[in-house]
Amino acid sequence: MLRPLRHKDFAADAPSVARALIGATLLVDGVGGLIVEVEAYDEDDPASHCHPGRTPRNQAMFGPPGHAYVYFNYGLHWCLNFVCGPEGHGSGVLIRALQPTHGLERMRERRGLDDERLLCAGPGRVGQALGITKALYGLPLDQPPFKVLAPNRRQPIDVVCGPRIGIRRAVDTPWRFGLAGSRYLSRRF
DNA sequence: AAGTAGATGTTCT
DNA sequence: GAACATCTACTTA
């Protein structure tokens with residue numbers, strides 16, 4: 001059965017947590033699905049929001065693991081991260097794509113689209129489909145409105161990785177992880 | 001199928 | 001001012 005993830009499940013370094021999150025289930029107010037694509041970001045990583053050190057915007061990533069780091073991107077999109085790593089070391093995992101399983105009608109309303117495949121295929125789309133806003137900034141992932149459940153351990157999960165998308169620094173760091181062959185990815189690997 | 005422009009607000013130099 | 005962990009609509013092929 002699916003086990004809720006707890007704070008210590010997020011205590012490892014960002015790439016390890018990112019890889020382990022593929023196949024997990026993410027719900028916000030009962031709406032969401034299977035995590036099929038994520039990216040890791042770290043304080044020692046020039047592409048990360050926490051690389052410059054603690055700021056008002058990124059402070060949640062320096063807090064305890066297992067909480068939400070939410071940011072507003074390109075003046076349009078709300079994006080969701082899971083804070084990970086030891087407390088005090090800024091790191092997080094960006095949720096880039098889901099395979100929708102719960103609350104598809106709610107997602108379709110919010111997205112203004114029918115195509116299941118495009119509901120959550122990209123970090124901005126996930127944000128819109130799940131109703132992510134700054135109201136969720138810093139909230140713990142093991143309490144409502146969040147629910148994060150471990151991957152089903154019965155069946156193996158084939159994880160692929162590659163370079164991250166949409167960044168200009170550290171472009172060769174292979175910290176994008178995905179479920180092999182999934183049709184719900186934001187882009188092919 | 002692939003490329004480009006435009007939207008829009010916060011953060012950074 | 002420029003950059004930015006993006007998406008959509010529209011063009012050209």
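First the proteins, then the strands, lettered A, B, ... as listed; each starts at 1.
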Subject >> A:E109: partners by salt bridge (Lys or Arg N to Asp or Glu O under 4.0 Å), with sequence neighbours left out >> reply: A:R106

Subject >> Partner set under salt bridge (Lys or Arg N to Asp or Glu O under 4.0 Å) for A:R108, not counting sequence neighbours >> reply: A:E105

Can you check the [X] [atom1] to [N] [atom2] distance for me, whole Å?
X: A:L80; N: C:dT6; atom1: CG; atom2: C1'; result: 15 Å
X: A:Y137; N: B:dT10; atom1: OH; atom2: P; result: 15 Å
X: A:I132; N: C:dT6; atom1: CD1; atom2: P; result: 16 Å

**OP:** Under 4.0 Å from any atom of DNA chain C, heavy atoms only: list the residues of residues 97-118 of chain A that qualify, in numerical order.
**Re:** A:R111

Subject >> Contact residues, residues 163-189 of chain A to DNA chain C [heavy atom, < 4.0 Å] >> reply: A:I165, A:G166, A:I167, A:R168

Table of protein N/O atoms under 3.5 Å from nucleotides 11-13 of chain C N/O atoms:
none

Original post:
Does anything in residues 78-122 of chain A pair up under ring pair (Phe, Tyr, Trp, His ring centres under 6.0 Å), and if so which pairs, sequence neighbours excluded?
Top reply: A:F10-A:F82, A:F72-A:W78

Closest non-hydrogen atom pair between [X] and [Y], with its separation:
X: A:A97; Y: A:S186; answer: CB-N, 4.1 Å
X: A:V17; Y: A:C84; answer: CG2-CB, 3.9 Å
X: A:V171; Y: A:P163; answer: O-CB, 3.3 Å
X: A:M61; Y: A:C50; answer: CE-SG, 3.8 Å
X: A:V38; Y: A:I35; answer: CG1-CG2, 3.4 Å

**OP:** May I ask you to say whether A:E39 pairs ionically with A:R164, meaning some side-chain N is under 4.0 Å from a carboxylate O?
**Re:** no

Subject >> A:T25: side-chain hydrogen bond (donor to acceptor under 3.5 Å, both in side chains) partners, not counting sequence neighbours >> reply: none

Original post:
Between the side chains of A:Y41 and A:H51, does any donor sit under 3.5 Å from an acceptor?
Top reply: no

Subject >> Proximity to DNA chain B (any heavy atom under 4.0 Å), residues of residues 36-72 of chain A only >> reply: A:R57, A:F72

Original post:
Does a sphere of radius 6.0 Å around CZ in A:R183 hold more than 12 heavy atoms from other residues, nucleotides or ligands, not counting ones at 6.0 Å or beyond?
Top reply: yes

**OP:** By nearest nucleotide on DNA chain C, pick out whichever of A:Q128 and A:N81 is the more 5' one.
**Re:** A:N81

Subject >> P atoms of B:dG3 and C:dA5, separation to the nearest Å >> reply: 22 Å

Original post:
Which value, in whole Å, describes the distance between the P atoms of nucleotides B:dA5 and C:dA3?
Top reply: 15 Å

Tabulate atom names and distances for all N/O pairs under 3.5 angstrom spanning the protein and nucleotides 2-8 of chain B.
| unit_1 | atom_1 | unit_2 | atom_2 | d |
| --- | --- | --- | --- | --- |
| B:dT8 | O2 | A:Y74 | O | 2.2 |

Side-chain donor-acceptor pairs under 3.5 Å in residues 118-131 of chain A, sequence neighbours left out?
| unit_1 | atom_1 | unit_2 | atom_2 | d |
| --- | --- | --- | --- | --- |
| A:R125 | NH1 | A:A121 | O | 2.9 |
| A:Q128 | OE1 | A:R111 | NH1 | 2.7 |
| A:Q128 | NE2 | A:R110 | O | 3.2 |

Subject >> Side chains of A:P100 and A:Y184 in contact at under 4.5 Å (non-hydrogen atoms) >> reply: yes

**OP:** Sort out for me which residue in A:I165, A:I95, A:L98 forms a side chain to side chain contact (heavy atoms under 4.5 Å, CB included) with A:E37.
**Re:** A:I165

**OP:** Let me know which of A:V93, A:L94, A:L26 forms a side chain to side chain contact (heavy atoms under 4.5 Å, CB included) with A:L80.
**Re:** A:L26

**OP:** Could you grab the distance from atom CZ of A:F146 to atom NE2 of A:H67, nearest 0.5 Å is fine?
**Re:** 10.5 Å

Enumerate donor-acceptor pairs with a distance under 3.5 Å from any side-chain N or O in residues 133-141 of chain A to protein atoms, sequence neighbours excluded.
| unit_1 | atom_1 | unit_2 | atom_2 | d |
| --- | --- | --- | --- | --- |
| A:T133 | OG1 | A:A135 | N | 3.1 |
| A:Y137 | OH | A:R57 | O | 2.6 |
| A:Y137 | OH | A:Q59 | N | 3.4 |
| A:Y137 | OH | A:A60 | N | 3.1 |

**OP:** State the dot-bracket string of DNA chain C. Criteria: Watson-Crick or G-U wobble, both atom distances under 3.5 angstrom; notation: ( ) intrastrand, [ ] crossing earlier pairs, | interstrand, . unpaired.
**Re:** ||||.|||||||.

